[in-house]
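Worksheet for the structure shown next.
Throughout, protein chains are lettered first and strands after them, A, B, ... in sequence-line order, and every chain is numbered starting at 1. Only a predicted model underlies this, so the values are computations on that prediction, with no experimental measurement involved.
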Amino acid sequence: MNWEVNEIRQKFLEFFESKGHLIEASAPMVVKNDPTLMFTNAGMNQFKDIFLGNRATEVKRISNSQKCLRVSGKHNDLEEVGVDTYHHTMFEMLGNWSFGDYFKVEAINWAWELLTDVYKLDQDRLYVTVFEGDKQDATEADFDAENIWSNLIDKQRIIRCDKKDNFWEMGEMGPCGPCSEIHVDLRPEKERKSIDGKTLVNKDHPLVIEIWNLVFVQFNRDSKGKLSDLPNKHVDTGMGLERLAMALQKKESNYDTDVFSPMISTLEKLSKKQFKSSNSKEDIAFRVISDHVRAVSFSIADGQLPSNTGAGYVIRRILRRAVRYGYSFLEFNQPFMHELVPVLIHQLGDHFVELKAQETLISTVIKEEEESFLRTLAKGIVKLEKALKSDTKIEGKQAFELYDTFGFPIDLTELIASEHNGSVDMVGFTKELELQKMRSRNSNIVTTDDWIENNSNIAQVFIGYDDLISKSTIIKYREIETKSKKFYQIVLDITPFYPQGGGQVGDTGFLKQGKVVVKVIDTKKENDLIIITTKDFGLNLNSSLIATVDYQRRKLAQANHTATHLLHLELRKLLGTHVQQKGSYVSADYLRFDFSHFQKVSEEQLRTIEKNVNDLIFDNLLLNENRNASKEQANEAGAMMLFGEKYGDKVRMICFGDSVELCGGTHVNQTSEIRLFKVTGESSVAAGIRRIEAISSNKALEYLNSEQKDLNIVKTMLQNTKQPIKALEEVLAKNATLGEQMLAVDKDKAKELKSLIQENIETNSTQLSFFFGSTTVPAKNVKDILFELKARNEDLVIGIASVSEDKVTISLLVSDSVVKSRSLKAGDGIKLISKAINGGGGGQPFFATAGGKNPKGIEEAFLKLKDWIS
RNA sequence: GGGGAAUUAGCUCAGUUGGCUAGAGCGUCUGACUGGCAGUCAGAAGGUCGCAGGUUCGAUUCCUGUAUUCUCCA
């Protein structure tokens, strides 16, 4: 049977559905609410809270195909992807989970059944590993797993492995357990006969690879490193779809499977080069590009656009790496990656609907990013070639400057240098890079102390949707210290503080305990835990405290939040349903809403939207909130599920009239509380993404008031006219006329001065023409006059003192011929006289100026000059 | 979060011990040549040198702050 990748995935999910699993859609690849993780890097990420016990689950068996992204880690460095044939940035992880339900027997038997019965993999090409035990942890070998396997597979094919390979841990603390891996030997018959596959397991052989990891979560590791049995044992398995496809399609490289081949053949057409699946630079480029376009496309579909910080920067780097390989080895000088997007979507769009729905956006964003990077490259090449002209050896510092400041890839610097018979000091470059990393790390030191537990058995309750004040006790707290400041983080048992999320800022407020008042400066969410930040502590852990939310600030923020929903609704009504939220920021001061739309929203459209939103405010729509809606209910009500958001089984539905959104944020009870909505700006954030900024409530009123105040002042200044526009136009026109007249006067004055000079030029005993005199013409105009005179006359020395109030500037001109023949330099002359007017000065040989504060010294200065030229 | 860089004519960019009347190419406009288009030649217009301070006789240039953009690191 010839397995297509879509069939492989389908069969996997069907198989586990038949074993009582609920099939879930993949969680977004971009992670929110977890400061330790930017991207989903394993199938279990989204179930972390269940393993940690922070979240209970009713569903005990789940299976899915999770999109994952790995760009760093022990086995996965971005720079290695594409060099070999089986590592990827973005990949699909097939998995099945048991949460306190079935354990090793079922997990192992089903895995074997699926691989051998359904997928019909050769049994004699399979090997399994089990945990051998560890002295330090005082753990035994995983005899259970070994026994179960020995009923299925020849004992010779069961390999015991150590903690490094076969013991899974989430972090230094927390749930962990032994695992059992299934490896497959895909080498040709002949090779298999000469070397036993068993000896190649876990040895990084490209054709003897791990395809499935079954993790048995049975222990908990405490802060001292001690293991204890978990009350609920879990199963967490992961199988890389791309590798499985290679095994089932009997290929020697993941890139030869139909996961990648459509993209590679399109690339062949575009580049007019052939992919030979070798280790040549060209073939690496094929692999890099076909891999990276997946990572970038999925990320954009999940709402993470390329940018210059955080997760967005990781995506930008991946995209640029692909462009760089295309540019260097496939001779692409124009954007090309975006042309692969339709191919990718044709292939995966049926399973991952978010791709299909946003095809235009993905292509547009990629194309624009490509163009911008090609510009960066072009600029870098100019700089590099300039440097190569002066010296073919590029110093480490220079190479680093190109890389660090101008974003020019170091391997391109090397390539171009070698094309010019030059070289790059890579040692120096690496040194600079290390220095930079040191700097960043040092500046970023945040020391986080351990949590100090107080009442760790109590579960946290959030009451902030209904109450803004509560009587609470502290569950735990800790101290954090950045470079300059010290903060405390506190977890309360009952908390009214809304944590930053859904675009809305976290609450601030106070904790009060007797006479002690502690200011809460921020509220954040880590996984499912709400944490407040304070600047000082001083609270008694044993007694309760009163927690109060800053009411005014919260009220303004939720007015803006509801206004955002109304804005979203009106945007879709007016511009069309292609408008999708791509990000939002809601604070007490203003709101920002980013959405997909491919052209500027016109001034007229903005006015219409603003008016319609204000109509909804006037309609006084009441909040209709359902905190426990099922997904089906939400769908029926027409709620928009945003791409890149993960929704639980129960969702919170927020309705105001026709506006139905799934949202965790806080809102007004009725739209009239918003009072007024005012759009303050429209702009673009990226290709295909527009941003609207707006204000509401008090802030909008303040804005209008201050505008009106300005207008009133203007009117007053215009003698309280009722027609300020007309009056202002007249003033401006008059100003323009006066300006022209002034210019004319200046010109006349200049003319006068010019003729005055010409008529009064004297000749001294050495036959040198000269003139010295004072004027009220400003020095800048004098300069013009002198240069004109210089162009028309030869052998001249002219000194003009421009006097204004108690300042004086002397300009001194010396004709070129005089400079040459008599070696009189204006700069020298000016230095000679600058003291006379109580100042200093300098300039070039033919023109110099001096400024001072003593107009009385002008005569003396001129006398000195006369002396100087004779 | 930290470091580096850029911001000069409509566009792309030059501009070093601080003073060379701020330049180039493209574009725009005018005129001439040509039967018209294209083109060639000649000429012209177009600049708060990002913004705000400071140092200086004098700042596009040096210093400080600030905005925007780019870029690297975390």
Side-chain angles (χ1 to χ4, degrees), chain A residues 35-36 38 71-72 78 306-314 316-317 320 369 371-380 382-383 386 397-410 413 429-430 432-446 480-485 681 683-686 739 750 778-791 801-804 806-814 816 819 825-855 857-858 861:
Chain A
T36 63
M38 280 195 226
V71 285
S72 59
L78 177 61
S307 75
N308 59 356
T309 49
Y313 183 55
V314 174
R316 175 168 281 173
R317 259 167 51 203
R320 290 189 165 190
E369 274 291 315
E371 277 165 356
S372 121
F373 185 52
L374 287 170
R375 273 198 297 273
T376 305
L377 286 184
K379 276 188 185 178
V382 171
K383 284 199 185 291
K386 215 177 201 176
K397 239 188 177 144
Q398 266 179 302
F400 183 73
E401 195 201 357
L402 270 168
Y403 169 77
D404 180 56
T405 305
F406 301 102
F408 198 71
I410 185 63
T413 305
F429 173 82
T430 316
E432 292 289 329
L433 186 64
E434 279 309 312
L435 277 175
Q436 144 110 322
K437 286 187 179 178
M438 281 281 283
R439 264 200 308 274
S440 277
R441 266 195 291 269
N442 289 340
S443 74
N444 219 23
I445 289 176
V446 180
I480 54 172
E481 200 171 345
T482 62
K483 207 169 163 191
S484 48
K485 290 163 201 154
S683 56
S684 158
V685 260
K780 182 139 176 45
N781 300 25
V782 168
K783 191 177 182 183
D784 290 340
I785 296 162
L786 294 187
F787 273 93
E788 277 170 37
L789 287 169
K790 173 176 166 257
S802 306
V803 186
S804 70
D806 45 351
K807 259 184 153 183
V808 56
T809 307
I810 297 180
S811 312
L812 180 64
L813 178 87
V814 180
D816 299 325
V819 176
K825 289 180 184 168
D828 296 341
I830 222 75
K831 268 174 202 154
L832 207 66
I833 61 164
S834 55
K835 270 182 194 157
I837 54 167
N838 205 1
Q844 308 109 279
F846 52 90
F847 183 80
T849 54
K853 285 172 182 174
N854 180 23
I858 295 176

On a heavy-atom basis, which atom in [X] and which in [Y] lie closest, and how many Å separate them?
| X | Y | value |
| --- | --- | --- |
| A:Gly851 | A:Ile837 | C-CD1, 3.9 Å |
| A:Asn854 | A:Ala836 | ND2-O, 3.3 Å |
| A:Arg320 | A:Ser372 | NH2-OG, 3.6 Å |

Say we look at [N] and [M]: how far apart would their [atom1] atoms be, to the nearest angstrom?
| N | M | atom1 | value |
| --- | --- | --- | --- |
| B:C51 | B:G10 | P | 14 Å |
| B:C49 | B:A59 | P | 12 Å |
| B:A6 | B:C13 | C1' | 12 Å |
| B:U28 | B:C11 | C1' | 11 Å |
| B:U61 | B:G15 | P | 15 Å |
| B:A67 | B:A22 | C1' | 25 Å |
| B:G46 | B:C41 | C1' | 22 Å |
| B:C62 | B:A5 | P | 11 Å |

Take atom [atom1] of [X] and atom [atom2] of [N], then tell me their distance rounded to the nearest Å.
| X | N | atom1 | atom2 | result |
| --- | --- | --- | --- | --- |
| A:Ile810 | B:G58 | CD1 | C1' | 14 Å |
| A:Leu812 | B:C57 | CG | P | 18 Å |
| A:Glu369 | B:U69 | CD | C1' | 14 Å |
| A:Asn854 | B:C57 | CG | C1' | 14 Å |
| A:Met38 | B:A74 | CE | C1' | 8 Å |
| A:Glu434 | B:G3 | CD | P | 19 Å |
| A:Ile830 | B:U56 | CD1 | P | 19 Å |
| A:Glu432 | B:C73 | CD | C1' | 13 Å |

Using only side-chain N and O atoms of A:Lys853, determine if any of them is under 4.0 Å from OP1 or OP2 of B:U56.
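The answer is no; no side-chain N or O of A:Lys853 sits under 4.0 Å from OP1 or OP2.
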
So, is A:Tyr313 near the phosphate of B:U71, with a side-chain N or O under 4.0 Å from OP1 or OP2?
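No, no such contact exists.
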
Look at all strands and tell whether [X] reaches a base, only sugar-phosphate, or nothing, counting heavy atoms closer than 4.0 Å.
| X | result |
| --- | --- |
| A:Gly839 | nothing |
| A:Lys379 | sugar-phosphate |
| A:Arg375 | nothing |
| A:Gly841 | base |

Pair partner, [N] [Watson-Crick or wobble, under 3.5 Å]:
| N | value |
| --- | --- |
| B:G23 | B:C13 |
| B:A38 | none |
| B:G1 | B:C73 |
| B:A67 | B:U7 |
| B:U56 | none |
| B:G43 | B:C29 |
| B:G18 | none |

By nearest atom, which of the nucleotides [options] is closest to the [X] side chain?
| X | options | result |
| --- | --- | --- |
| A:Phe406 | B:A74, B:C20, B:A5 | B:A5 |
| A:Arg320 | B:C70, B:C73, B:G3 | B:C70 |
| A:Phe846 | B:C20, B:C73, B:G4 | B:C20 |
| A:Asp404 | B:G4, B:C73, B:A5 | B:G4 |
| A:Thr376 | B:U71, B:A5, B:C20 | B:U71 |
| A:Arg316 | B:G4, B:U71, B:C73 | B:U71 |

Between A:Gly842 and A:Leu433, just flag the one whose closest nucleotide in RNA chain B comes earlier from the 5' side.
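Of the two residues, A:Gly842 wins.
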
Let me know, please, whether A:Phe847 or A:Glu401 comes out on the 5' side of the other along RNA chain B by nearest nucleotide.
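It is A:Glu401, whose closest nucleotide lies nearer the 5' terminus.
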
Given the structure, check if the side chain of A:Gln844 and the base of B:C20 hold any donor-acceptor pair shorter than 3.5 Å.
no

Report yes or no: is there a donor-acceptor pair, N or O only, under 3.5 Å between the side chain of A:Thr849 and the base of B:G19?
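Side chain to base: pair present.
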
Polar side-chain atom of A:Ser440 near backbone of A:Lys437 as donor-acceptor pair, under 3.5 Å
no

The test is side-chain contact (heavy atoms from CB on, under 4.5 Å); show your working for A:Lys383 and A:Phe408 and say whether it passes.
CA-CA 10 Å; A:Lys383 284 199 185 291; A:Phe408 198 71; over 6 Å; no

With heavy-atom distances below 4.5 Å as the criterion, would you say the side chains of A:Phe400 and A:Gln436 are in contact?
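Sidechains of A:Gln436 and A:Phe400: in contact.
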
Should A:Lys783 and A:Phe847 be marked as a side-chain contact (heavy atoms from CB on, under 4.5 Å) after you check the CA-CA gap, both sets of side-chain angles, and the distance that decides it?
CA-CA 9 Å; A:Lys783 191 177 182 183; A:Phe847 183 80; 3.6 Å; yes

Would A:Leu433 and A:Tyr403 count as a side-chain contact (heavy atoms from CB on, under 4.5 Å) if you check the C-alpha gap in whole Å, the side-chain angles of each, and the deciding distance to 0.1 Å?
CA-CA 9 Å; A:Leu433 186 64; A:Tyr403 169 77; 3.7 Å; yes

